[in-house]
Trainee: 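I'd like to ask you about the structure that follows.
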Amino acid sequence: MIDQNTDYNVAPNGFYGHFGGSYIPEMLYPNVEELRQNYMEILSDKSFQDSFYKLLKDYVGRPTPLYLAERLSERIGAKIYLKREDLSHTGAHKINNTIGQILLARRLGKTRIIAETGAGQHGVATATVCALMGMECTVYMGSLDISRQRPNVERMKILGAEVRAAESGNKTLKDATNEAMRHWINNPVDTHYIIGSVVGPHPYPDMVARFQSVISEEMKWQLMESEDRDYPDTIVACLGGGSNAAGAFYHYFDDARVKLITVEASGKGVDSGYSAATTALGKPGILHGSKTLLMQTDDGQVVEPYSISAGLDYPGIGPLHAHLHESGRASFHNVTDNEAMQACITLSRLEGIIPAIESAHALAILEKLEFSKEEVVVVNLSGRGDKDLETIINWGGY
Ligand SMILES: *Cc1c(COP(=O)(O)O)cnc(C)c1O
């Protein structure tokens with residue numbers, strides 16, 4: 001979790017190449033600075049790590065299996081393993097990060113937690129760990145998202161969180177983020193802000209990547225057991241903000257034998273005006289407190305993204321991924337709503353696993369790329385499809 005590897009690790013100034021940093025209002029500086037000064041010491045502490053790994057094991061259910069999907073492998077013509085993050089408590093990888101951050105918040109003496117959420121998945125993961133730790137939880141959510149994501153809103157309430165509606169702007173994720181930041185500025189002493197992906201001002205992207213790096217940490221010994229070598233040829237992950245991809249890639253950044261592939265959501269098509277394919281459409285700019293690639297108008301206004309999958313419906317990517325893109329270390333692809341939905345049904349029928357629609361984007365690219373028969377490919381199956389049932393039913397193509 002704490003080992004320094006590489007060019008792809010954050011530099012002391014908070015940058016990954018040209019991207020990252022901390023572009024925040026002056027009023028927020030003390031909060032972020034407190035984190036920056038303390039996070040590495042806390043993460044390296046033996047008793048912190050003991051608590052983190054114990055909860056990952058007993059509460060989250062880690063290690064998650066690395067499953068050789070034989071029927072899918074036969075279809076694709078490669079050796080396809082699925083890293084089963086979908087089997088984690090709450091149904092996705094997001095819980096790895098919220099467990100880490102709430103333990104960190106406790107170390108910093110914080111008693112209250114705030115978060116922002118778009119589709120509600122991060123809100124649920126945050127409300128879950130707040131219940132676990134007995135901490136007060138406030139989740140900001142755009143009022144439009146509240147009406148679109150009712151089951152997750154109710155989940156958060158059942159778990160004891162307060163869901164506050166953001167009524168400004170488009171009433172979606174960006175507006176919820178603004179409200180959460182405002183809240184944090186006004187409550188700097190007792191409150192920690194849990195960000196849900198490898199986005200935000202330094203040190204968030206690095207901190208979240210480290211918590212998620214448990215995914216590739218497990219992959220190493222699991223591949224050693226099944227393949228007698230601790231690396232795959234290729235890793236595939238879907239890309240919203242980039243936390244599941246960061247976790248799946250983390251221990252292989254410097255291993256040139258391993259191809260890294262990310263898959264963004266192109267919605268109704270890259271040029272349709274309904275897309276979230278940031279690297280295809282975006283330009284450098286400031287989003288969520290860091291310099292990164294984002295979809296924006298000529299005068300720099302953030303473009304509202306679109307994807308059938310709520311978790312990929314984000315107008316930017318984390319700065320680490322902007323760097324992986326610029327440096328060419330990872331290759332960036334995108335698939336449409338329809339391609340992802342087809343892949344969702346394919347996995348369901350071939351393996352008896354209904355994936356999250358986010359994860360189905362990663363699966364869909366398997367149909368479009370060339371692999372060799374012996375190639376060992378790990379697809380990070382970031383989440384399960386239970387939450388997407390209504391979307392799948394409305395799509396109807398099964
Ligand atoms: C939130 C989410 C994502 C996208 O977020 P990343 O930070 O890019 O990983 C992907 N898959 C699932 C299941 C999610 O819930």
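Counting convention: from 1, in listed order, for ligands and their atoms alike. A quick note: this is a predicted structure, and the numbers were derived from the prediction, not measured. FYI, the numbering just counts along the sequence from 1.
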Trainee: When you check the gap from the basic side-chain N to the acidic O, do Asp50 and Lys54 get nearer than 4.0 Å?
Mentor: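 Salt bridge flag = no for Lys54 with Asp50.
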
Trainee: Regarding Arg155 and Thr90, is there a side-chain donor-to-acceptor distance under 3.5 Å anywhere?
Mentor: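 Thr90 and Arg155 do not have a side-chain donor-acceptor pair below 3.5 Å.
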
Trainee: Considering only heavy atoms, does His122 approach ligand 1 within less than 4.0 Å through its side chain, its backbone, both, or neither?
Mentor: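 Neither; no heavy atom under 4.0 Å.
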
Trainee: Less than 4.0 Å between a side-chain N and a carboxylate O, is that true for Arg75 and Glu367?
Mentor: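 The answer is yes: the pair qualifies as a salt bridge.
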
Trainee: For residues 281-289, which side-chain N or O atoms pair as donor and acceptor with protein atoms under 3.5 Å away, sequence neighbours left out?
Mentor:
{"from": "His288", "atom 1": "ND1", "to": "Tyr314", "atom 2": "OH", "distance (Å)": "3.1"}

Trainee: Using the side-chain hydrogen bond (donor to acceptor under 3.5 Å, both in side chains) rule, pick out the option among Arg384, Lys94, Arg62, His93 that qualifies with Glu85.
Mentor: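 Of all the options given, the one that passes is Arg62.
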
Trainee: Considering only heavy atoms of Gly240, which atoms of ligand 1 have at least one such atom less than 4.0 Å away?
Mentor: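 So the answer, numbered in order with elements, is 8 (O).
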
Trainee: Please indicate whether any nitrogen or oxygen in Ser382 is less than 3.5 Å from any nitrogen or oxygen in ligand 1.
Mentor: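 N/O-N/O distance below 3.5 Å exists for this pair.
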
Trainee: Do Asn96 and Gln212 pair up side chain to side chain, a donor and an acceptor below 3.5 Å, judged on atom types alone?
Mentor: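 A donor-acceptor contact under 3.5 Å links the two side chains.
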
Trainee: Evaluate Ala92 for polar contact with ligand 1, using N/O atom pairs at a separation under 3.5 Å.
Mentor: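 N/O-N/O distance under 3.5 Å: no.
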
Trainee: Could you list the atoms of ligand 1 found under 4.0 angstrom from a heavy atom of Ser243?
Mentor: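 Going through ligand 1 atom by atom, the ones under 4.0 Å from Ser243 are 6 (P), 7 (O), 8 (O), 9 (O).
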
Trainee: Within a distance under 4.0 Å of any heavy atom of Cys238, pick out the atoms of ligand 1 and give their elements.
Mentor: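 Here the atoms of ligand 1 in question are 10 (C).
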
Trainee: May I ask you to check whether Glu227 and Tyr81 show a side-chain donor-acceptor distance below 3.5 Å?
Mentor: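 Yes.
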
Trainee: So for ligand 1, is Gly196 a polar contact partner (N or O within less than 3.5 Å, distance only)?
Mentor: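 Between Gly196 and ligand 1 (N or O atoms, distance only) the closest approach is not under 3.5 Å.
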
Trainee: Is it the case that Tyr193 and Glu116 place a side-chain donor and acceptor less than 3.5 Å from each other?
Mentor: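 On atom types as modelled, these side chains qualify, holding a pair under 3.5 Å.
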
Trainee: For ligand 1, is there an N or O atom under 3.5 Å from any N or O atom of Lys94?
Mentor: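 Yes, since at least one N or O of Lys94 sits under 3.5 Å from an N or O of ligand 1.
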
Trainee: Mark up the atoms of ligand 1 that fall under 4.0 Å of a heavy atom belonging to Gly383, in ascending order.
Mentor: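 In order of number, 13 (C).
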
Trainee: Looking only at heavy atoms of His93, does any of them come nearer than 4.0 Å to an atom of ligand 1?
Mentor: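 Yes, His93 has a heavy atom closer than 4.0 Å to ligand 1.
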
Trainee: I need the atoms of ligand 1 closer than 4.0 Å to a non-hydrogen atom of Gly311, numbered in the order shown.
Mentor: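 Answer for ligand 1: 4 (C).
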
Trainee: Do Thr98 and Thr126 have a side chain donor and acceptor closer than 3.5 Å?
Mentor: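 Side chains of Thr98 and Thr126: no pair found under 3.5 Å.
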
Trainee: If you count the atoms of ligand 1 from 1 in the order shown, which ones are under 4.0 Å from a heavy atom of Ala356?
Mentor: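 Taking each heavy atom of Ala356 in turn, ligand 1 has 13 (C) under 4.0 Å.
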
Trainee: Is the shortest distance from a Lys or Arg side-chain nitrogen in Glu358 or Lys387 to a carboxylate oxygen in the other one below 4.0 Å?
Mentor: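 Yes, Glu358 and Lys387 are salt-bridged.
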
Trainee: Below the 3.5 angstrom mark, is there an N/O of Gln121, backbone or side chain, next to an N/O of ligand 1?
Mentor: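 No, there is no polar N/O contact under 3.5 Å.
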
Trainee: Would one find an N or O of Leu239, backbone or side chain, under 3.5 Å from an N or O of ligand 1?
Mentor: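 No, since none of the N or O atoms of Leu239 sits under 3.5 Å from an N or O of ligand 1.
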
Trainee: Please identify which atoms of ligand 1 are closer than 4.0 Å to at least one heavy atom of Ser197.
Mentor: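 Matching atoms, with element in brackets: 6 (P), 7 (O).
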
